[in-house]
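Reviewing the structure listed below.
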2 protein chains.
Amino acid sequence: MTYSEENYLKVIYHLSTGNSKGITTNAIANEMESKPSSVTDMVKKLAEKELVAYKKYQGVSLTEKGRQHAVMIVRKHRLWEVFLVDKLDFSWDEVHDVAEQLEHIKSEKLIDKLDEFLDFPTEDPHGDPIPDRNGKIAKMEKQLLSETSLNTKVICVGVKDSSSSFLQYLDKQQIALGSAIEIVSREHFDQSLSLKVNDKPLSVSNKIAANLFVKPL
Amino acid sequence: MTYSEENYLKVIYHLSTGNSKGITTNAIANEMESKPSSVTDMVKKLAEKELVAYKKYQGVSLTEKGRQHAVMIVRKHRLWEVFLVDKLDFSWDEVHDVAEQLEHIKSEKLIDKLDEFLDFPTEDPHGDPIPDRNGKIAKMEKQLLSETSLNTKVICVGVKDSSSSFLQYLDKQQIALGSAIEIVSREHFDQSLSLKVNDKPLSVSNKIAANLFVKPL
DNA sequence: AAACATTTTTAGTTTTGCCTAAAAATATAA
DNA sequence: TTATATTTTTAGGCAAAACTAAAAATGTTT
C-alpha cells in the first residue's frame, strides 16, 4: 500500500462517517486539494484492489477491507498525536502535520508497542477515539455545546474542528478537554452563549459552540 | 528533499567515511540494490542541487551542504533507534528497518524534542555516535577486538556489522554493549580468539572479533 | 600502445501519481 | 421535456524514479 493510496483511504473514511451514500470524486478532490480526474484514477486503482466499491458516476464507498485499512491509519495517526503531546510536550495545535507523516510508518510491532507505552489511550489530544488493535472504536457519549440546553453542567470532551486557529482560541480562553462548562444563557438574536468555564464567565459565538463537544456531568 | 534523494545522500555519506576519494556509481548502486544507470540519473540531480560534487566518470563526493543534510538523517535514524530500544523495548536487531522509515519524518521540533526526551543520548543501540543538533559527532575511542593485543581488558562499545544475524549471535553469547572482555589467547592458525566475556570463557572466530568494537578499560 | 574488459553514461521505456482539456453523464431549470 | 449547468470520466501529457540495452570512457593486459 502506497503513501498516496493510504491518504485516499483515510480521506474516504473521514468523508464516510455520518454519510451513508457514496462519496463523490469531487468531495475527495476537495479534501485532498487535488483534481477530480486524479481522484477517478486512484479510485479505480483502489477498486481494483477491492479497497473501495466503485461504480462510474455513483461515487465510492469503502469495502470492509478498505475500512479496516483506513481505521488502522486513523489508529496510528491518533496514537502518534498522543505520543507527541504526552511525551514530547507538543501542544494540541501542533501535532497534526507530524502525525500525518508518522501515520504512514509500517510496523505493526511499532504501533502496538507505542500503544502500550502510552498506556492504551482511548482518545487523542482532540478527544477523538483511538481504534484498538482490532479496529474497534469505543464510542463516547458526546454532543455539541451548541445543542445543549441551558443551565446544564457539562465537561468539554472534544473538538469538531481541530484547526490550529480554533485550538489556539480555546487555549487563549483556557478551555481544554476536561474543562467544566455551564451554559448560563443563550442570546436569541445570534445564538451566542454566556458560559461559565471553570467558574469564570465567558461569552462565545454559536460557531464556537458548534465546534465543541461536551458531555453531561 | 525527497525520500529517494535522502536515501542517496545517506548512502553516499556512509560510503564516504574513511574513503577520501570520489564514490563510484557502482558502489552506490550496490549499496542501494539498484542499477548504476539509475544512480547516474540521481547523482546529476543531487549535483544540480549542490548536494554532491560530480564530474562524469570521476565519482561523487558530498558537498558541505550535502554532508550536513546526510548527518541530520543519520541523527534522526540513530535517535529513533534509541527510542525504539529504550522506550518501546525493541531489541537491537529489530530497529533498523523501522528507523529507516522514521528517519525521513520532517520536523525539526520533533527530533529536538525526541532528543531531549531520550536525555540527549550520544550513541545508538549499536554503539554508533549520534550527531548533535548542529551536526557535530563526538568521536569515541574504539578499536576492533581483532586488533587488540593479548591479556588486555576491554569493554565492548559497538559493532561494525549490525546485521541481525550477527546481533543475534551476540545475544546468544551474552555479549552486549558494556560487556567486559579479556583476550586470553589467539590461535595462530585461524586467528580465532579465546576470550573471557564477563568472566565466562568463550571462543570466537576472527570474523566475530573483526566486527566487535572495544575500548580499553 | 593496441586489444580487451570493465565501468559509467546515454537513450529510450515503464510505472506511479498527478495534471489539463475535452467528452460523456447526470442534475437542474425554464 | 428540452435546454443549460454541473459533475464525472476519458484521453493524452508530464515529472520522478526506476529499469534495459547500447554507446562511450576508463582501466588493465599483453
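Lettering follows sequence order; numbering is per chain, from 1.
A:Lys142 forms a cation-pi arrangement with A:Phe213, by the criterion of a distance under 6.0 Å to the ring centre and an angle within 45° of the ring axis.
Side-chain contact, A:Trp80 with A:Asp124: no donor N or O sits under 3.5 Å from an acceptor N or O.
Between C:dT16 and A:Thr2, no contact under 4.0 Å exists linking OP1 or OP2 to a side-chain N or O. Using a 4.0 Å cut-off, some side-chain N or O of B:Lys56 falls inside it from OP1 or OP2 of C:dT10. Checking the phosphate oxygens (OP1, OP2) of D:dT10, a side-chain nitrogen or oxygen of A:Lys44 falls inside 4.0 Å. Contact check, A:Asn26 against D:dT6: no side-chain N or O comes under 4.0 Å of OP1 or OP2.
Residues A:Val39 and A:Tyr8 meet the side-chain proximity criterion, which asks for heavy atoms closer than 4.5 Å.
Counting to the nearest Å, the P atom of C:dA27 and the OH atom of A:Tyr57 are 11 Å from each other. Atoms CD1 (A:Ile28) and P (D:dT8) sit 9 Å apart, rounded to a whole Å.
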ask   = Passes ring-ring contact (aromatic ring centres under 6.0 Å, His included), B:His96 versus B:His126? Steps please.
value = CA-CA 10 Å; B:His96 192 267; B:His126 313 108; 7.6 Å; no
Check: protein-nucleotides 18-22 of chain D nitrogen or oxygen pairs below 3.5 Å:
unit_1, atom_1, unit_2, atom_2, d
D:dA18, OP1, B:Ser4, OG, 3.3
D:dA18, OP2, B:Ser4, OG, 3.2
D:dC19, OP2, B:Lys35, N, 3.2
D:dC19, OP2, B:Ser38, OG, 2.3
D:dT20, O4, B:Ser37, OG, 3.0

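No contact: A:Tyr3 has no heavy atom under 4.0 Å from any strand. Across all strands, B:Thr40 comes closer than 4.0 Å to base atoms (heavy-atom distances).
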